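Computed over heavy atoms, backbone and side chain alike; hydrogens, waters and symmetry mates excluded. Keep in mind it's a predicted model, so treat the numbers as computed, not measured.
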2 protein chains.
Amino acid sequence: MAQGMDKASLGELHMLVEHVGPLHAGDHVFRVGDPFEAIAAVRAGTVKTYIIDANGREHVLGFHFPGEVIGLDGIDGDTYPCNAVALDTVMLCRFSFPKISVLAGKLPGLQQHLFRLLSRSIGRAALLAGDWTADERMAAFLIGLSRRLEARGFSPDRFQLTMARTDIANYLRLAPETVSRVLKRFQRDGMIAVDRRELELLDRVQLETLAGPVLRS
Amino acid sequence: MAQGMDKASLGELHMLVEHVGPLHAGDHVFRVGDPFEAIAAVRAGTVKTYIIDANGREHVLGFHFPGEVIGLDGIDGDTYPCNAVALDTVMLCRFSFPKISVLAGKLPGLQQHLFRLLSRSIGRAALLAGDWTADERMAAFLIGLSRRLEARGFSPDRFQLTMARTDIANYLRLAPETVSRVLKRFQRDGMIAVDRRELELLDRVQLETLAGPVLRS
DNA sequence: CGACAAGTTGAACTCTGTCAATCCGGGTGG
DNA sequence: CCACCCGGATTGACAGAGTTCAACTTGTCG
């Protein structure tokens, strides 16, 4: 959140930051319909955002790692349009939106930053939008995770799948069975090693080739 | 673009608006890699946004009608991330982004408006994101067009499909053949009357029922 | 009138979802 | 400490929606 901001901005930001946590697996950060007051940056752990449609089916919207911001889609409206739940032990920072919005008027740097943050989110849906095959989706998902974790200082080649298989399936719009089969095939072909939630990327080149069209779209 | 803004804001806006057009079918508004300088509001006609992926395949991102804004996804970066092409005769207004951004710092109303505009775009991908059937996608597409056109003062029941079948197919992530078959079936079932690019919605209720889960997601 | 692009139609195939059975690991209680 | 259970995960068989490929039709424009 703070990268690219000058010291003065950071000083002012301090006053409107509220540290929250720890939350535990299953705890909600916010729910659909809660009054929108703040956006939040994940400091530790994984947050899943999702909605329940009219038929009672869950739709996973995304997974959010340390350094990433949740709640942006609430800006257009006075309540949150989705639920956010902790998948493991989560720490976060809440930024009061009314306050940060006023401050943005005074600090062009912050305004710019918020604009960019919002704009970036618009392009995010590529993975879900295309008519990609199950293999392409899964490869893109893994590479995406890897890159985001690496950008946050974690190992890009070895990490935990903090979310359940059913969550991955739901997010990628695949059946859980398909997720199983694809992961198994990826392992058979030497591209990954997976054991329960533990994942290792063995052939990043081939994965990126598969994921290529999805990520560069 | 202007709704909800006071008179003073409008006066200041005037100075940074540039009227562009007419563009003709096939003319580009901007292309991938063009320096990002401005967002634009469509005043007349239809604009298609799309990208070409690494394999040279086109992906249609959206269709934009009078009153709608294009170029928002360029804010994060110094070049446009997609192409925008006129599908028929198009008129538009360009808003210099650096200028509007500075102005937004002085006018909280405008800033708020931009935030909302951006935020709203984030949720737009629903039609493409879900694993909907071809029928649901097409129904949602038609109802979506109808509603947007109605909001802009056009007839909601009778309108032109200004885009080619292949564009619709590409946008909905279906094969062109599937688009043909679905439209034909919709017509056989009395839900629409379609002749070339001319479309009439005959049974809005049934279409909305079909589209329901997609639109309410 | 003829040629080309866009659209439509038909038939075969393929990927993925569905359903059902089975496996596995972690937690529980005896 | 070990047998038992339960939910998530895996595996297999099958069916169906949609793609693909190819042929054909229609409309448009020179």
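Rounded to whole angstrom, the span from the CD atom of B/E177 across to the C1' atom of D/dA17 amounts to 14 Å. Spacing between atom CG of B/L161 and atom C1' of C/dG7 amounts to 13 Å, rounded to whole angstrom units. Atom CG in A/N170 sits about 14 Å away from atom C1' in C/dG17, given to the nearest Å. If you take CZ of B/R197 and P of D/dT28, they are 10 Å apart, rounded to a whole angstrom. Atoms CG (A/D131) and P (C/dG17) sit 13 Å apart, rounded to a whole Å.
The phosphate of D/dT10 (OP1 or OP2) has no side-chain N or O of A/K184 nearer than 4.0 angstrom. Considering only side-chain N and O atoms, A/T178 lies under 4.0 angstrom from the phosphate OP1 or OP2 of C/dG17.
The backbone N or O of A/E58 lies less than 3.5 Å from a partner atom in the side chain of A/N170, making a donor-acceptor pair. A donor-acceptor pair is defined here as one N or O able to donate and one able to accept, closer than 3.5 Å; no such pair exists between the side chain of B/T49 and the backbone of B/A84.
Residue-level contact check: B/R196 touches the backbone only, with heavy atoms under 4.0 Å from sugar-phosphate atoms and none from bases. Residue contacts shown for A/A164 are limited to sugar-phosphate atoms, with no base heavy atom under 4.0 Å away.
Judged by atom type and distance alone, B/R181 does not reach the base of C/dG7 through any side-chain donor-acceptor pair under 3.5 Å.
Salt bridge status for B/K99 with B/E18: absent, with no side-chain N to carboxylate O gap under 4.0 Å.
Checked against C/dT16, D/dA9, C/dG7, the side chain of A/L174 finds its nearest nucleotide in C/dT16. Nearest to the side chain of A/A134, among C/dT8, C/dT16, D/dA9, sits C/dT16.
With sequence neighbours left out, the side-chain contact (heavy atoms from CB on, under 4.5 Å) criterion links A/T209 to A/V205.
Residues B/S180 and A/T133 both approach DNA chain C. Their nearest nucleotides, taken by heavy-atom distance, put B/S180 toward the 5′ side.
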